[in-house]
Amino acid sequence: MTSKRARLTVRSVLSGFLAAALLGSAATAAMAKETFTVDLVNEPSSLDPQKQWNPDSYYVYRNIFDNLVTRNDAGEIVPQVASAWKQVSPTEMQFTIRGDIKFQDGTPLTAKDVAFSIQRIIDPAFASPQLGQFNKITKAEASDDKTVTVTTDGPYPVLLAQLTKLSIVPEHVVEKVGDDAFNLKPVGSGPYSFEAWQRGVSVTLKRNDDYWGDKGPFETVTFRAVPDASTRVADLQAGTADLVVSLDSDQAAQLQTAPNAQALTALTERIAYLGINTGKPPLDDKRLRQAIAYGIDREGIVEGILGGEGKVVGQIVSPAAFGWSDSIEPYPYDPEKAKALIAEVGDGAKAELQFATAPVFDQRIVQALQQMLTEIGLKVEINMTDMATYLKAAQGPRDSQPMLSFGRWSCSCQDADGIMYPLLESDSAWSRYSNPEMDKLLNEARSTLDEDKRRADYEKASELVKDDVSLLPLYQVAIIYGASKKLDWQPTANESLFLNRMSWQGE
Amino acid sequence: MTESSQILAVEGLTTRIGVNAVVDGVSLAVNSGEVVALVGESGCGKSLTALSIMGLHPAAARIGGGSVRLDGDDLLRFSEKQLRGIRGKTLSMIFQEPVASLDPLMRVGEQVAESLVVHGVASKSEAESRAIDMLEKVGIPDPAARARQYPAELSGGMCQRVMIACALIARPRLLIADEPTTALDVTIQAQILALMKELRREIRTAILLITHDMGVVADIADRVCVMYAGRIVESGDVASIFAQPSHPYTRLLLATIPKLSGTRKTRLNAIEGSVPDVSDWPVGCRFRTRCPLADDACEKMPPDFSVSGDDTHRAACWHIDRLSEMDAMGEMA
Amino acid sequence: MAAYLLRRFLQAVVAIFGVMTLIFFVQRLTGDPTYLLVPETATKADIEAMRVSLGLDRPLIVQYLSFLWGILHLDFGRSYVQNVPVMTIIAARLPYTLELTAGALAVAALIGVPLGIATAMWRGRSQARGLMGFVLAAQSMPTFWSGILMMMVFGVWLGWLPPSGAGGWKNLIMPSVALGLLSMATFARVARTAVLDELSKDYIRSARARGVSTGRLVRRHLLRNASIPVISISAMEISQLLAGAVIVETVFAWPGLGLLTIQSITGRDFMVVQTIVLLGAFVTITLNFLADLLYTVVDPRIRLTGTPG
Amino acid sequence: MSDAPLLKVEDLRVHFPIRGGWLGGQVGAVKAVDGIDLTIEAGETVALVGESGCGKSTAGNAILGLAPATSGRILFEGTDILTRSPAERRGIRSNMQVVFQDPVSALNPKLSVGRLIAEPLTIAGWDETAKQTRVDELLDLVGLTKAQKSRHPNEMSGGQRQRVVIARALALSPKLIVCDEPVSALDVSIRSQIINLLIRLQEELGLSYLFIAHDLSVVRHIADKVVVMYLGTIAETGPTDAVFDHPTHPYTEALLSAIPLPDPEAQRAKAALILEGDLPSPANPPAGCPFVTRCPIRIEKCASVRPGLADTGHGSRAACLVKVPDASLNAAR
Amino acid sequence: MSATIDKSPAPARRFAGLRREIRGMRAVMPFVLIFAAFVLLALLAPLVAPLDPNSQNLLGRLKPPGTTARGIFYLLGTDNLGRDLLSRLIYGARISLSVAILSVVLSGTAGTILGMAAGLARGWTETVIMRLADIVLSVPAVLLAIIMVAVLGPGFANVVLVLALTRWPRYARVAYGQTLSVANMPYVRLARFMGAKTPRILLIHILPNIIGAIIVVATLEFGLMVLFEAGLSFLGLGVQPPTPSWGAMLSTGRAYVATAWWIAAFPGACLFLLILSVNLIGDHLRDRLDPKSR
């Protein structure tokens, strides 16, 4: 009986596949002239803005949805769905909602949708991956069509910065079709509306001609998944893509000679850093960590490898983020001093240091770092695994965390809290550092609304990082896009891809 | 045989594999309606002789000289295309392993009909019906049903009948049969030999029979050529050869065959030593290393043919006159 | 014959079950997708909450049983990453895999088999050596390298073919060639050996003795007989192609299962990986099975004795 | 030693199961050997003759333990081998050795002649010097030279290889050698050499042979007793002269008649008895006399009654209902 | 069955074969020399490499062949980290060759032993081993590679292990088939009859007679192993940087096809020549040792 059933089901599955095969090949459509093609690395994992957290999804859905607040090209927080806001108590902030916004199905966007969106993302049962960014919020209430009050479980200085990431979803649609169907056919209020998702191939968006703000320059936009950077460059050169993401400086250099393509770059809020496990010998010895700091030629990396795209920094807080201090200088490159410090440590320095990394990180930098450390006399072994394994180790128990690692940090909130707290607070997942003084500074800074105090705390924390070499900030990362020469667009520090801020030259 | 026309005349045929002349100046003739046996042990070159006549010698082999005249035309000068026109039509061949010699994936009837089809003698359907007739003629029961079967469904004896049908369907002038019964059991061999005799009478095809079995020769052949180490050493009428073998090799070969009427636990006559390998065939007479009559003369030069008995019986030996000495030696056995 | 097929079927079921079990446990040794799903700033509590919501906090054996239970009901679970049923994803990707496999197989077999036959028929001649050299050269290049070269030449410089992606037949050409080249050598090799093998057999000699021309010899006698090893290698090569597709699909951004495999493995999208492996094992085993069945169609000897002759 | 014969086989059956059906169960059996008896006395040669598929080699293999006996008794010097433990069997069977038909496949091509001959000694744990002495002795015994010790089988001729096989069989001084078609693969001239060697060895070493062959003329020379097998059963058995001079069973007659005599006159004069058809499948033998399908003198009864062996009056025993009426008395179970 | 088989062309064929072999050997001789040269290069790497293969020169990146930068002459140019391509190529020979050789030896040994065991033992052993081979063949090698790297950590040894683990079924299948046919040869049955124990039968009678076929498979696999290592490097799962392997170098270099062709071209050419020569030698061996196997 079982075998019979198995055979039956096998047959039905097979015929299903075949039917799908026929449909799939027939459904590919030719591209229209007004179509703008973007090569992403991967396809979006989900288009429900509250159900995922990855850049490829963000690039797409951010054009379908409006957020409560947003940042302008200069990086300042500016109104979007909310036209104004005020702190009504240390734990309450009140937002005024614009009245002229309509969802793409024609329904007006009201304060109720805003409250619904917030309540949805903070509901543990909904299990949003972004929950951690909003879990200080205890509730959101719409008092009328235009007013929403957000309550936090304490003074929360980063609230506004976090809310730049909150997309507003239509309550009536989500309630009606459910989460799954919404994910497959999202409806937002943004400049582009969802058109089609050919799974594995592309997502197509259509211009929302009723958009309340700046309208997009292209009638349709196609986002494709092209995992290999060399292929993305080839697509751009061949003219089959108009904009490609995630290039490195060498790939960008390739575009310099191309007649029809250009590289677009911007310094981001990301800081590249060398993570150090300060809790484990031999790197629990501060002298050795300082030797590392002296032994790395950050200028060399930025000028030599990155072709000048990037900026050497001495602190983990990005110049694009709140909490940046102008007064902290990076360690100078001084290999002799490094060697002297290592000699001082003696035998302890001879231990082999595992340098954990994953293919997503720029291997040129990793290898350069390894070589520099080797040259000052340390034994460094690169330990490359896939990302999941890397993350498991990096966020695992202190003992199994990597001795050395290379990372490029961003909290997408442009605030020192999102940078320093997860990396340096003793109990944080990523932290390989444990210092009561640091914990005190970070905890105080995240629970006061006093900006000056926060700024001072972070400056002190950054000095502590430098002095103790809790980790080693390297440089501010530049993001590099490849684009058609005809595209006019200025990428921003927060790595957003706003289609309606682009324009097309000629013709 | 009297006044019969000559179909095949092979003169001085030499086939080399590398530097070795595996077939070395072989001459033989087949007259119409006649069965000529080419007899010899493994490695003597008899099969290669047959293949050379057909032009089917392996790629590594090169014809080094001589002529092969079929009804007067020298086949050695034929192009591959001309040869193809003859094969299966004027000149056919059957092989030792009947099962392996049939295409395992082609129906029997189609294979039998193939000669007719490739030579454009008959249309496909006509050829197939003639194939069924032919299968019946070679003694296959229920030929129409058998024609639709595959070789694996037939026994070895049946397969050899099918092979014979394949070879004879176009009524060739000459059939070369290379050890046609060697792979078969004696009772089946008897069937096939009987069939060949019958068909020979009916179709009047001449046969060049390659074999190692003197019994088969005695049964079916009219004339015999004995081959040793690439050369014909003796040839003549079958009765004469058996009654009066005139080459020491033939003589010893016949003497070594155990007799059904023999006595038990007596030593058999044996030829000393073993057949030399092609690469070290002796100079002079090639049998001299195993010959009781050999002397210096045998080493100096290969012997010419000398006539023994009637003018068709000839043997290549320097010492035909001393053959009687062998009888004395033979008695000791 | 029937018994043989039944035994093969039962062994196949056991093998597939083995593959599934192995994959289920082994991939869970290496961490889970939670870290990849949450923002970098997530706290340990957030990560734990995510893990609970994905059901990954349950004991392994419970997860395994529920996975088996699901399979019995043809429920292959949901993708952790894309948050849709696995079947939706696979059904969307499979057509592309079929297209690419068919394309590559066509390149491999339609070029490889004639090459193999030619080199066997011309054995020892210089043309044969030349062709064999071409075959070997084709399989001496990593696909990621031949892929980018083709892309640069035909996609960027000449502009004849789109460098990447799926769409029209033009998109299919380069990935098929890149993927097919490796297998082409195998096909050529097997076809050559098979033809040489057959050429040495008695029936070929007796067909020639019948006056059969070389053309007819190849068409009517050789091809069918030599097809058996080619069929069996086809079955094996298709599964090889599925594996080789991982790199080709990555290079050409071809949205098939190969790309999905590597993405799902690196994304620890367990359910998707499991289903792909299940599908792969199923296809491999089915193909071998079909190849066996095909022999019996081609070869009457097997119908008779139950064993390949 | 008791008076028990060296080897006595009683009602030996070897059935190979045929598996089939959906569950791979046994759906039938190939009755390769279906109840045979034979006795070999010390120093005696018993020939087991018949055509391919008659079960003679399977019978030999069953005696050697190379094929599983389904039922029956195999008594070696009075001890039933089949009831013994594997270790005891091995001990008893070290008194038996075997010589196969094809000396090429019987010799591991990668080993030298010296190692090949020494192999049974090595397995038996002889030390190196004793081994070498014995190998030299054996080489001498079978007519090979010490110089050939380092050769490999592919560097030797067929006759020499068979000598190596025989030397190896003799290594542990067995009492019985099963010779399974030992000369079939050899050329006529070599065949006599090997037969002579076997006869000489028997005289010198007092060996017994179970001589399995299809070539009756060889059998006539070497065997004391003959057992003629057909389709797994014995058709006729008796002293060699009795069987050859007075063949009683029609199969024996046909077999003898089918052998072409190497004498054209006698062969052509002989009244040939040619059997029809092929051997039936041993998986599905006729119900009565196994020979009934091909028998020229069959009567109605033959289709239903399976004859047993009965005296022919010439000292032999045959299983034919027509020729030996007593055969119905011994009709098989 | 009567069988006085006339094989008159047989001895002749043997000699023709010998000549063909010599002629054929002459044809592959250049490739034997290339292979030998690579092996030599690998063995002598520290002596012949002009520079430290890992020494970077960040200001001398992507220099074309024949450039002198900071007083150092780069015959084949520099790579994307300013390392000397020639030295990396020479050291890369070590990695590429040893990965291929080790994995072939490992998987070949394991596969041969298992295949022989399955072929000789039959029954349960046979079923288990051959089904296991089926299972392994149907699991994507990438998956195994990732799992191995995740569980055991990355590195040279694991690359070899992954390759060995995924490739043994190939040998097992060949060894199995060959063992089945050899085990049926009379000489094996005879050895058993003479009381030879299984290890003796395997070692003396079976192995020497199937090793030819195994060697032929190994030469084919060798080329594939080199390619697989390259593939793993492309996916970031190969030998660990900065260790140079030709596959890893080629995979890095492909990003520079248009701007710095030499980074990929030289390792690509080496890889190509290596695989080509081993394949040609293997094809030659196949024709010689084992005309019937795939």
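Keep in mind it's a predicted model, so treat the numbers as computed, not measured. Below, chains carry the letters A, B, ... as their sequence lines are ordered, and counting in each starts from 1.
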Subject >> Backbone of D:Thr248 reached by a side-chain donor or acceptor of D:Lys323 within 3.5 Å >> reply: yes
Subject >> Atom group of D:Arg200 that falls short of 4.5 Å from chain B, counting heavy atoms >> reply: both
**OP:** Mind ranking B:Thr187, B:Thr256, B:Ile271, B:Ile257 by heavy-atom pairs under 4.5 Å with chain D and telling me who comes out on top?
**Re:** B:Thr187
Subject >> Between D:Ala258, D:Pro260, D:Ser257, the one whose heavy-atom pairs under 4.5 Å with chain B are most numerous >> reply: D:Pro260
Original post:
Checking heavy atoms, do the side chain of D:Glu276, its backbone, both or neither come under 4.5 Å from chain B?
Top reply: backbone
Subject >> Over 12 non-hydrogen atoms of neighbours within 6.0 angstrom of NZ in B:Lys259 >> reply: yes
**OP:** Mind ranking D:Lys270, D:Glu265, D:Arg220, D:His221 by heavy-atom pairs under 4.5 Å with chain B and telling me who comes out on top?
**Re:** D:His221
Original post:
What part of B:Val186 lies closer than 4.5 angstrom to a heavy atom of chain D: side chain, backbone, both or neither?
Top reply: both
Original post:
Picking from B:Arg251, B:Arg314, B:His313, what satisfies side chain to side chain donor-acceptor pair (under 3.5 Å) with B:Glu234?
Top reply: B:His313
**OP:** Sort D:Leu256 into side chain, backbone, both or neither according to what part of it lies under 4.5 angstrom from a heavy atom of chain B.
**Re:** both
Original post:
Under 3.5 Å, side chain of B:Lys137 to main-chain N/O of B:Leu199, donor-acceptor pair present?
Top reply: no
**OP:** Classify the ring geometry between B:Tyr228 and B:Tyr249 as parallel (under 30°), tilted (30 to 60°) or perpendicular (over 60°).
**Re:** tilted
**OP:** Against chain B, label D:Asp245 side chain, backbone, both or neither, depending on which of its atoms sit under 4.5 Å from a heavy atom there.
**Re:** neither
Original post:
Looking at the rings of D:Phe291 and D:His249, which for Trp means the six-membered one, are their centres under 6.0 Å apart?
Top reply: yes
Original post:
Given a strict heavy-atom distance threshold of 4.5 Å, which part of D:Ile274 is in contact with chain B: side chain, backbone, both, or neither?
Top reply: side chain
Original post:
In this structure, which one of D:Gln160, D:Arg163, D:Met156 forms a side chain to side chain contact (heavy atoms under 4.5 Å, CB included) with D:Val113?
Top reply: D:Met156
Original post:
Heavy-atom distance under 4.5 Å to chain B: side chain of D:Ile195, backbone, both or neither?
Top reply: side chain
**OP:** Sort B:Ile220 into side chain, backbone, both or neither according to what part of it lies under 4.5 angstrom from a heavy atom of chain D.
**Re:** backbone
Subject >> D:Asp180 side-chain N/O to D:Gln101 backbone N/O, donor-acceptor pair under 3.5 Å >> reply: no
Original post:
Of the backbone (N, CA, C, O) and the side chain (C-beta and beyond), which part of D:Ala223 lies under 4.5 Å from a heavy atom of chain B, both, or neither?
Top reply: backbone
**OP:** Using atom types as modelled and distance alone, determine if a side-chain donor or acceptor of D:Asp215 lies under 3.5 Å from a backbone N or O of D:Ser217.
**Re:** yes
Subject >> chain D interface, residue from B:Gly157, B:Ala243, B:Pro141, B:Ala221 that has the most non-hydrogen pairs under 4.5 Å >> reply: B:Ala221
